[in-house]
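As C-alpha cells, the structure follows; a few thoughts come after it.
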Amino acid sequence: MEQDKNKKRSDYISWDEYFMAIAKLSAMRSKDPSTQVGACIVSSDNRILSIGYNGAPNGFDDEKFPWAREGNNLDTKYPYVCHAEMNAILNFRGNKKDLEDSKIYVDLFPCNECAKIIIQSGIKEVIYLSDKYANSENNIASRKLFNECGVTYKKINLTGKTEIKIDLI
C-alpha cells in the first residue's frame, strides 16, 4: 500500500512501545547468561532521563563475577548483581527533583528492593512487559509497596508491532 505523501505515516510505534524497546535494547548489554533486564526512565513530557541494565557493580570484573543462579548464595549472582532499575536511577545525572513524577519502563516487574528504590527516587509509574514472578513474595511485596506509596503500575498495552527489528548494516 502506497502512502499518501501529504499525510503522516500511520504505522509508527507508540510512546510506550518506543520506550519499552529502548529498555529491551539496553537489556542486550547485560552479561547475565540467564536473565537480561533493561530499564528506561522517562519524564512526564516523554524525554528520556536515564537507562540501565542488570549487571555487575562497577569495578567487579565480569569474568570473575559469579553468574550462577543456583548453589551456595555467596557463589551466585543474587547478593551482588545490580538490577536494571537501580542502575537507571543511579545513572541519572540530573537533579533528583527531575525524577519526580517520571515513569520507568522495565521488561521485568520490579523486585521489592527495586520497588523501594523507585519509590524513594520519586518515580510515580512503572510500565512493565513481563511479570513472570508475580506470585513470588518479592513481587507481592513490590505491589504492596507501590499501592501504599502511590506508585501506579501497568503491563504495557502492545497495540502495534510486537517485534521491532533494527538493522545496523
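These figures come from a predicted structure and were not determined experimentally.
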- Do the non-hydrogen side-chain atoms of Tyr128 and Lys155 ever get within less than 4.5 Å of each other? yes
- Message: Is it the case that atom CD in Glu100 sees more than 12 heavy atoms from other parts of the structure closer than 6.0 Å?
- Response: yes
- If every non-hydrogen atom of Cys149 is compared with every non-hydrogen atom of Lys124, which pair is closest and at what distance? O-NZ, 4.0 Å
- So does Lys144 have more than 12 non-hydrogen atoms from other groups sitting under 6.0 Å from NZ? no
- Item | For Tyr18 against Ile13, the heavy-atom pair lying closest together | CA-CD1, 3.6 Å
- Message: Measuring only between side-chain heavy atoms, which start at C-beta, is Leu129 closer than 4.5 Å to Leu158?
- Response: yes
- Group every Ile, Leu, Val, Met, Phe, Trp and Tyr by side-chain heavy-atom contacts under 4.5 Å, then state whether Leu145 and Ile140 land in the same group. no
- Task: Over all heavy atoms of both residues, which pair between Lys96 and Ser121 is shortest? Give the atoms and the distance, please.
- Result: NZ-O, 3.7 Å
- Message: With clusters defined by side-chain heavy atoms of hydrophobic residues (ILVMFWY) lying less than 4.5 Å apart, directly or transitively, does Phe19 cluster with Ile127?
- Response: yes
- Item | Where Glu125 and Val151 come nearest, the two heavy atoms and their spacing | N-CG1, 4.1 Å
- Query: Linking I/L/V/M/F/W/Y whenever their side-chain heavy atoms sit closer than 4.5 Å, directly or via other members, would Tyr153 and Met86 fall into one cluster?
  - Reply: yes
- Cluster overlap Ile117 with Val81, hydrophobic side-chain contacts below 4.5 Å: no
- Message: Assess, by modelled atom type and distance only, whether the side chains of Asn138 and Ser136 contain a donor and an acceptor separated by less than 3.5 Å.
- Response: no
- Query: Does some side-chain heavy atom of Thr35 sit less than 4.5 Å from a side-chain heavy atom of Lys77?
  - Reply: yes
- Note on the structure: One should read off an interatomic distance between Lys116 NZ and Ile118 CD1, to the nearest 0.5 angstrom, of 12.0 Å
- One should read off an interatomic distance between Ile119 CD1 and Cys114 SG, to the nearest 0.5 angstrom, of 11.0 Å
- Indicate yes or no: at least one non-hydrogen side-chain atom of Trp67 is less than 4.5 angstrom from one of Ser34. no
- Message: I'd like to know if the side chain of Tyr78 reaches the main chain of Ala68, judged simply by a donor and an acceptor atom lying under 3.5 Å from each other, with no hydrogens or angles considered.
- Response: no
- Task: Write down the atom of Ala115, the atom of Pro110, and the distance for their closest heavy-atom approach.
- Result: N-CB, 4.4 Å
Result block: side-chain N/O donor-acceptor pairs under 3.5 angstrom for residues 101-109, not counting sequence neighbours:
from   : atom 1 : to    : atom 2 : distance (Å)
Ser102 : OG     : Leu99 : O      : 2.5
Tyr105 : OH     : Asp16 : OD1    : 2.5
Asp107 : OD1    : Gly38 : N      : 2.8

- Task: Determine whether Glu85 and Glu113 make a side-chain contact, defined as any pair of heavy atoms from C-beta on separated by less than 4.5 Å.
- Result: no
- Can you name the closest pair of heavy atoms from Asn139 and Cys111 and give their distance? OD1-CA, 4.0 Å
- Query: How many angstroms lie between atom CZ of Phe60 and atom CG of Asn58, to the nearest 0.5 angstrom?
  - Reply: 12.5 Å
- Item | Test item: Phe146 and Val126 side chains (from C-beta on) under 4.5 Å apart, heavy atoms | yes
- Note on the structure: Rounding to 0.5 Å, atoms CD1 (Ile123) and OG1 (Thr152) come to a distance of 11.5 Å
- Under 3.5 Å donor-acceptor, Arg143 side chain and Ala134 backbone: yes
- Donor-acceptor contact present, side-chain Ser30 to main-chain Val37, <3.5 Å: no
- If you round to the nearest 0.5 Å, how far is CD of Glu63 from CG of Asp61? 6.0 Å
Enumerate donor-acceptor pairs with a distance under 3.5 Å from any side-chain N or O in residues 87-94 to protein atoms, sequence neighbours excluded.
from  : atom 1 : to    : atom 2 : distance (Å)
Asn87 : ND2    : Tyr53 : O      : 2.8
Asn91 : ND2    : Ile51 : O      : 3.0
Asn91 : ND2    : Asn87 : O      : 3.1
Arg93 : NH1    : Leu90 : O      : 3.4

